[in-house]
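A short worksheet on the structure shown next.
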Amino acid sequence: MQQKIRFQIEGMTCQACASRIEKVLNKKDFVESAGVNFASEEAQITFDDSKTSVADIAKIIEKTGYGAKEKTEDTLPQPEAEHHIGWRLWLLLVINIPFLIGMTGMMIGRHDWMIPPLWQFALASVVQLWLAIQFYKSAWASIKGGLANMDVLVTIGTVSIYLYSVYMLFFSPHAAHGMAHVYFEVGVMVIGFVSLGKFLEHRTKKSSLNSLGLLLKLTPTQVNVQRNGEWKQVPIDQVQIGDLIRANHGERIAADGIIESGSGWADESHLTGESNPEEKKAGGKVLAGALMTEGSVVYRAAQLGSQTLLGDMMNALSEAQGSKAPIARVADKAAAVFVPAVVGIALLTFIATWLIKGDWTLALMHAVAVLVIACPCALGLATPAAIMVGMGKAVKHGIWFKDAAAMEEAAHVDAVVLDKTGTLTEGRPQVAAVYCVPDSGFDEDALYRIAAAVEQNAAHPLARAIVSAAQTRSLEIPTAQNAQTVVGAGITAEVEGAGLVKAGKAEFAELTLPEFSDGIWDIASIVAVSVDNKPIGAFALADALKADTAEAVGRLKKHNIDVYIMSGDNQGTVEYVAKQLGIAHAFGNMSPRDKAAEVQKLKAAGKTVAMVGDGINDAPALAAANVSFAMKGGADVAEHTASATLMQHSVNQLADALLVSQATLKNIKQNLFFAFFYNILGIPLAALGFLNPVIAGAAMAASSVSVLGNALRLKRVKID
């Protein structure tokens, strides 16, 4: 049986490390697929649990030289610790100071600013023989694993220049005259710059890129709980399901629950993307993380931790951020051969410079510069860094993407297919007119009773409207048994005192409607009813457009995205709605199979199609589309099938999702361009001697940070 597992990976230093773990895992016959995300430091593995276990996979990862800790959905992600400069890095930076001063002096002709050679040797030895050991360990583990990472380049370059300087200081013919040319500062400063760059990169990945930290802050650490009739403040981890909790003005809700008493207003924008506070009163629901902007409520905890909607969102975001987008394969392939290629270029540089210039010292400096200028990290971070920020931005807008592939695909969408009821309209239709078949023996009240008996077994908005209307009339609704849904047509049931009742489309109930003078029948949704296959009447139900639907359609069209309506309602109703919204493509009377077939036609015509729906009947079309969006709270099968979930029942949120995806893909391409351009330009400049190793090391450290900085710009991108 196939099982999916996630691991937090410890010890990776660049994309080559991630590629190595992937390569090892994907060679195993029991692993269907394995992806390692360098930015989120997470592995996602699908494997056959009849052939191996989670523990065995963890051991395989550990044998490649990295730590592996299983991540589950049972517990919420933990907050990251503060990232401070450790004492090793502080010591390394302090040792760099005299060398930095000396190099500055040499640039302005003051060679006396450089400390004496023996002092240089002593400080460089502390760095190379102690502080740089982590580079050597990582490099050796990488080589043993069959691939080479960035630390291999740094190790070869700095050790070479250190050994050369030691030889020149103690063993060269010039050493006795005090004229030895040493370059201890090169190794020290390269190690310093690279270490500082790694620290900044790690801190950015763990804090600025990841939105989970902000979500974790939404849950209070202390809450007021009623225990033995008294209110006590207790830690959140001591709260149990069923506890009564009090949340006052300015405090956050700690659990999903039901309000027992009190009233107020709560801001749930962290989940829905909608900043307008919602009124809360007894009997209503509260959601973990919501902020009480006014009033005070006492609620009973129903869901805690990972079981809350907030916890579910955090786990979904964590998994989505850890996934890999297809475009990342470009960088992965480059990173897999990057380090060996750079070592080869450095060797050729050394040989060519020595042959042309006749100076093996100069040749060594050029070769070392080539080694340290190269940076596979920037390539490895280009895609996942942007995905992590983009996912976080999407969540802030109330959009949950299942994975990075869905977000990338959404960026290419140029055609959107919308269901009508509940998507474009409020989804709360009301009975606008009633028709009773003459001489059927059923009056209006009887029609309501029988229809409500059947429809109370359905979840469709039209069904709920009929049941609500019958209850408003204070009618006694008979019992219905053996209810069966005919997807895309209607529902049947045995109704006490009536017989076999069908409710649904006119043709399903075998009803032919007469010509009506009232125009509502031309634009309304029709629910026809029959008893023992004899039609007895019908309801015309009207549904108002959502307030922001027209604006949302306008936004989609502004960005050259074609909009289609596909609905099971009659053609006249669908065309009426399409005319109101300025939509040129409107299809009515469509079954689930029809919708899926039409989506396939659009794809065959070269369109990248996004489908939006919330019902069971939308599931086939959702599955057929390139990327699909389900409304939160709709049918479970729709949410399960869809590529992403919209927390609001709003097409505007769909527009947000597509535009966030477009901005993210654009940022990825910028990052990839920068990473490739940096290496394409930097390596030749280093080989030709235009960059010394120290400048090359600083540039290499800055490249990753620059890519991360560009990814962070996504947080400020306006979506309009």
Side-chain angles (χ1 to χ4, degrees), residues 269 271-276 386 389-401 406-427 543-567 574-587 599 602 607-614 618 621-622 625-632 634 642-669 713-720:
S269 59
L271 293 171
T272 65
E274 175 57 59
S275 59
N276 294 328
V389 179
M391 288 283 187
K393 191 174 184 71
V395 163
K396 285 185 177 180
H397 283 78
I399 305 150
W400 299 9
F401 281 101
M407 173 172 268
E408 181 182 336
E409 189 71 6
H412 299 293
V413 166
D414 55 8
V416 167
V417 175
L418 305 172
D419 183 36
K420 182 182 72 69
T421 306
T423 302
L424 294 173
T425 62
E426 290 287 354
D543 190 9
L545 289 174
K546 292 180 179 178
D548 64 347
T549 296
E551 175 194 352
V553 171
R555 291 176 66 198
L556 292 171
K557 293 168 71 175
K558 173 185 173 183
H559 289 274
N560 300 315
I561 298 173
D562 294 333
V563 182
Y564 298 75
I565 302 179
M566 295 186 189
S567 175
V574 177
E575 288 180 353
Y576 176 77
V577 171
K579 185 177 180 181
Q580 285 182 292
L581 298 172
I583 297 174
H585 312 285
F587 301 87
V599 168
L602 289 174
K607 294 285 188 181
T608 302
V609 183
M611 171 68 191
V612 186
D614 63 351
D618 295 320
L622 290 170
N626 297 92
V627 60
S628 51
F629 298 85
M631 304 292 189
K632 187 67 176 178
S643 312
T645 301
L646 306 179
M647 297 304 294
Q648 298 176 38
H649 285 225
S650 168
V651 182
N652 241 335
Q653 206 166 50
L654 166 70
D656 290 340
L658 300 183
L659 296 179
V660 166
S661 300
Q662 289 177 7
T664 302
L665 184 60
K666 181 179 179 181
N667 191 275
I668 289 172
K669 291 178 178 179
R713 289 195 312 109
L714 268 173
K715 291 186 175 183
R716 300 189 298 273
V717 171
K718 291 184 179 180
I719 305 300
D720 54 20

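Along the sequence shown, residues are numbered consecutively beginning with 1.
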What distance do [X] atom [atom1] and [Y] atom [atom2] have between them, rounded to the nearest 0.5 Å?
{"X": "L418", "Y": "Y564", "atom1": "CG", "atom2": "OH", "answer": "11.5 Å"}
{"X": "L646", "Y": "W400", "atom1": "CG", "atom2": "CH2", "answer": "11.5 Å"}
{"X": "I719", "Y": "Q662", "atom1": "CD1", "atom2": "CD", "answer": "8.5 Å"}

Could you tell me if the side chain of [Y] sits less than 4.5 Å from the side chain of [X], heavy atoms only?
{"X": "L665", "Y": "M407", "value": "no"}
{"X": "F401", "Y": "T645", "value": "no"}
{"X": "L658", "Y": "H559", "value": "no"}
{"X": "I565", "Y": "V577", "value": "yes"}
{"X": "R713", "Y": "R716", "value": "yes"}

Minimal non-hydrogen separation, V627 against A406, with atom names: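 Of all heavy-atom pairs spanning V627 and A406, the closest is CG2-O, 3.8 Å.
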Which atom of A386 lies closest to which atom of N667, heavy atoms considered: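 Taking A386 first and N667 second, the nearest heavy atoms are CB-OD1, 3.4 Å.
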Acceptor/donor pairs from residues 544-556 side chains to any protein atom, 3.5 angstrom cut, sequence neighbours excluded:
{"residue": "K546", "atom": "NZ", "partner": "G422", "partner atom": "O", "Å": "2.9"}
{"residue": "K546", "atom": "NZ", "partner": "H649", "partner atom": "O", "Å": "2.1"}
{"residue": "D548", "atom": "OD2", "partner": "S650", "partner atom": "OG", "Å": "2.7"}
{"residue": "T549", "atom": "OG1", "partner": "L424", "partner atom": "O", "Å": "2.8"}
{"residue": "T549", "atom": "OG1", "partner": "K546", "partner atom": "O", "Å": "3.4"}
{"residue": "E551", "atom": "OE1", "partner": "N652", "partner atom": "ND2", "Å": "3.4"}
{"residue": "R555", "atom": "NH1", "partner": "N652", "partner atom": "O", "Å": "3.3"}
{"residue": "R555", "atom": "NH1", "partner": "N652", "partner atom": "OD1", "Å": "2.7"}
{"residue": "R555", "atom": "NH1", "partner": "D656", "partner atom": "OD1", "Å": "3.1"}
{"residue": "R555", "atom": "NH2", "partner": "D656", "partner atom": "OD1", "Å": "2.8"}

Any residue meeting ring-ring contact (aromatic ring centres under 6.0 Å, His included) with Y576, in chain and number order, not counting sequence neighbours: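 ring-ring contact (aromatic ring centres under 6.0 Å, His included) check on Y576 returns nothing, list empty.
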For T425, all residues meeting side-chain hydrogen bond (donor to acceptor under 3.5 Å, both in side chains), sequence neighbours excluded: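 Scan of T425 (side-chain hydrogen bond (donor to acceptor under 3.5 Å, both in side chains), adjacent residues dropped) gives D543.
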Residues which pass side-chain hydrogen bond (donor to acceptor under 3.5 Å, both in side chains) with E575, listed by chain and number, not counting sequence neighbours: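 With neighbours one apart ignored, the set is Q571.
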Between [X] (side chain) and [Y] (backbone), is there a donor-acceptor pair under 3.5 Å?
{"X": "S643", "Y": "S628", "value": "yes"}
{"X": "K393", "Y": "T664", "value": "no"}
{"X": "Q653", "Y": "I399", "value": "no"}

By salt bridge (Lys or Arg N to Asp or Glu O under 4.0 Å) - contacts of D562 (at least two apart):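 K607.
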Which side-chain N or O atoms in residues 408-415 pair as donor and acceptor under 3.5 Å with protein atoms at least two apart or in another chain?
{"residue": "E408", "atom": "OE1", "partner": "I327", "partner atom": "N", "Å": "2.9"}
{"residue": "E409", "atom": "OE2", "partner": "N626", "partner atom": "ND2", "Å": "3.4"}
{"residue": "D414", "atom": "OD1", "partner": "T608", "partner atom": "N", "Å": "2.8"}

